[in-house]
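Notes for the one structure printed next.
To find a chain, count down the sequence lines: A is the first, B the second, and so on, and within it residues start at 1.
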Amino acid sequence: MSEQSTSRGAEHVPDVGEVQNPVTPTRETITVERAGAESPSSGGLMSGPFGRNLGLVLALLLICAAGVVTAGDRFASIDNILTVLRFASALGVVAIGMTFVITGGGIDLSVGALVALCSVWATTFATQTMATDTHWTIMVFAALAVGAGAGLVNGLVIAYGKVVPFITTLAMLAAARGLAEIISERRTQIVTVDGFKDFFGADVLGVPLLVIIFALVSLGGWVLLNRTTFGRRTLAVGGNPEAARLAGINVNRHTVMLYVLVGVCCGLAALMLISRTTTGSSTHGYMWELDAIAAVVIGGTLLTGGRGTIVGTVVGVLIFATLGNVFTLNNQDTSTQAVAKGLIIVVAVLLQQRLARNATST
Amino acid sequence: MRLRTPFGRQQGRRLTGLLVGSVAVLTLAACTGSAEDAANDDDNGSDSAPAAAAGSNDEEGDQVTIGFSAPAADHGWMAAITNNVRDLAEEYPDIDLQVAEGTNDVNLQISQVETFINDKVDAIVLLPFDGAAMTPVALKAMEAGIPVINVDREFDDPNAARVTVLGDNYGMGVSAGQYVCEQAGGNEDVVVAEIAGIDSLPLTQDRSQGFEDALGECGLDVDARQAAEFTVESGEEVAANLLQAEKKIDFLWNHDDDQGVGVLAAIENAGRDEFTMIGGAGSANAMRAIQEDSGVLKATVIYPSTQGADGVKLARLLVQSKAMSDLVEVEVPRTVQLFAPVVTSENVDQYIDSAFES
């Protein structure tokens with residue numbers, strides 16, 4: 001892991017060294033983007049995903065094997081797998097957004113609260129009345145706009161106010177939940193707009209739409225991180241913001257965009273949760289910040305930034321979802337589950353680190 | 001935290017039977033005065049199934065698989081709910097209990113219930129973190145032919161549950177309010193404060209409404225109200241602020257004895273003793289304080305923590321096609337509501353054995 005990040009750092013330093021003259025930003029931008037474009041082929045993010053993700057996939061397979069051994073057909077049934085995937089979907093979308101923020105050197109502790117705020121805003125009496133009068137997509141716009149807006153606030157305070165992300169988003173966590181409570185008057189808001197419920201509750205060829213959304217967001221996230229300038233800039237900003245800045249990247253603007261992105265993800269996840277529960281509530285998204293961060297870190301994204309993996313995050317989310325499912329199927333008591341979960345997090349990360357080291361050294 | 005009635009205790013059982021007006025069939029039989037049943041009770045000291053008389057509801061029947069899911073056990077009452085459910089299931093060899101991880105994340109709780117549905121359990125006993133949010137999945141279970149027993153926090157659709165077991169939240173507020181009226185003795189200038197539980201829950205809103213209504217009957221109203229979160233920390237924090245804001249209080253009703261541990265700590269830190277405090281739920285330590293009669297806590301209002309266990313018992317009856325044998329009715333009723341009496345130093349001996357430790 002550490003080898004990987006240093007080699008990435010080393011990759012960028014020559015770029016900066018090369019262009020000592022700060023008067024030529026255009027050229028620097030081009031240099032950096034070209035360097036970024038080379039990285040996938042030169043041992044970059046996805047060229048060696050197998051080594052890095054092998055441990056994770058192995059862990060997931062082990063948990064599945066444990067499920068099959070202990071619960072048999074009760075685990076390995078289509079219905080059960082869909083149950084796991086439906087559970088993973090909304091949280092997964094948040095975790096994808098979180099992957100970008102963490103890769104970009106930040107952190108967002110406010111995601112659970114933002115999910116709550118978006119779910120409440122999209123289901124207020126006013127929004128629902130408007131949705132009934134016009135079209136249910138009003139609710140979708142409301143949730144996404146609120147998510148983006150809150151993300152924008154986070155991003156602006158972090159990038160231009162120079163407040164560390166941990167503190168900014170912690171403040172947002174408190175403020176967003178409080179605001180959600182004020183708007184909803186701490187009551188659970190029930191969705192009566194049928195168009196919304198029918199759309200999000202639908203199955204496409206037997207696959208719930210929620211799961212399809214998660215798949216599309218994962219795919220989109222992968223492309224964005226690995227195949228676009230935005231993704232490469234995210235890696236550069238997270239790996240070494242000073243180098244990125246000297247190389248001509250507008251680090252502040254990019255940071256803001258990352259938090260807007262995760263905010264939009266929260267809005268989308270809120271819509272998914274609204275559909276699943278047919279309610280909006282200030283208590284939705286309880287502790288999701290920790291679940292999302294745990295999934296991202298287990299996935300192999302560096303908490304310090306500079307390296308991120310969408311595949312790892314998806315597998316990380318699935319590991320948590322499957323684990324909980326196997327525990328429930330085996331009737332394990334709550335405290336045992338909590339201890340086992342903690343152990344498995346540590347083991348998975350250790351295993352993953354070891355395999356990653358082997359993969360890079362060979 | 002609210003009141004627990006350990007299932008091995010005869011006195012507690014009998015009381016709950018009376019108060020609840022239902023459910024504990026053997027005990028109720030004892031209460032109705034059958035000498036044989038009473039003797040049976042005394043001999044066993046517990047109503048475990050093997051001792052059940054032939055033909056009674058407790059006699060071992062068909063194997064019943066029951067899925068149970070509840071919120072995280074982050075306060076004493078909720079912990080007692082799950083413990084009571086487990087204890088009860090162990091008493092009945094014909095109950096196969098599946099307990100899901102306690103959680104406050106509705107997304108997770110929904111997936112747990114889905115797992116029970118996939119598993120084709122015989123019945124699901126569900127204490128939702130949020131009743132409205134759990135309604136769709138409960139409906140799904142009912143549509144799949146699995147009866148759902150809704151405990152404590154109600155669904156927003158009556159079709160989502162076959163049986164609903166509820167405490168009397170409104171009644172708790174009324175009992176507390178009536179006690180305050182009685183103690184105030186017609187003085188309409190007294191300052192009444194209230195520390196509620198989680199405000200987003202309808203049960204909290206019901207309690208506060210009952211309190212307000214009962215106070216209104218004697219010309220009083222709530223002068224200061226704050227909401228905590230049923231936890232000790234939140235109780236301490238909210239009470240400390242409330243005491244700062246209100247320099248003189250005459251009566252304080254705290255909805256939950258578990259958060260009450262924190263509330264009492266804050267009262268002690270502030271060195272205040274000018275008022276009478278009333279608790280809620282009925283924990284053992286609250287009752288011991290009432291018994292000693294040395295502090296501000298003079299009374300508490302019971303909210304049984306056995307309702308999850310009652311839900312499991314009803315689920316068993318339902319699946320085995322039995323009914324509550326003390327009623328003439330041949331089916332398990334739709335709703336069972338428990339009673340919320342006031343416990344004071346005068347009657348605390350009656351309740352303390354059945355209270356739960358927080």
Which answer fits [X], side chain, backbone, both or neither, if we ask what part of it has an atom under 4.5 Å from a heavy atom of chain A?
X	answer
B:A72	neither
B:D130	side chain
B:F68	neither
B:I117	neither
B:D199	both

Counting only non-hydrogen atoms closer than 4.5 Å, does [X] touch chain B with its backbone (N, CA, C, O), its side chain (CB onward), both, or neither?
X	result
A:F87	both
A:T279	side chain
A:L273	side chain

Non-hydrogen atoms of [X] and [Y] that approach each other most closely:
X	Y	result
B:S111	A:T83	O-CG2, 3.4 Å
B:Q205	A:R186	NE2-O, 4.0 Å
B:A132	A:T188	CB-CG2, 3.6 Å

Counting only heavy atoms from other residues, nucleotides and ligands, does the tally under 6.0 Å from [atom1] of [X] exceed 12?
X	atom1	answer
A:W288	CH2	yes
A:E185	CD	no
B:E229	CD	no

Worksheet item: Taking it one step at a time, do B:T135 and A:T278 satisfy side chain to side chain contact (heavy atoms under 4.5 Å, CB included)?
Response: CA-CA 8 Å; B:T135 303; A:T278 66; 5.5 Å; no

Worksheet item: Would you say A:R276 and B:N107 make side-chain contact, with heavy atoms under 4.5 Å?
Response: yes

Worksheet, complete the sentence: Assert top hit (heavy-atom pairs under 4.5 Å, partner chain B, pool A:N325, A:T277, A:V84, A:N330) equals A:T277

Fill in: The single option from B:T115, B:L108, B:V99 passing side chain to side chain contact (heavy atoms under 4.5 Å, CB included) against A:T328
B:T115

Discussion item. Quick check against the 3.5 Å criterion: does B:N118 have a side-chain atom that pairs as donor or acceptor with the backbone of A:R74?
Written reply: no

Worksheet entry | Spacing of OG1 belonging to A:T283 relative to CD1 belonging to B:I198, to within rounding of 0.5 Å | 8.5 Å

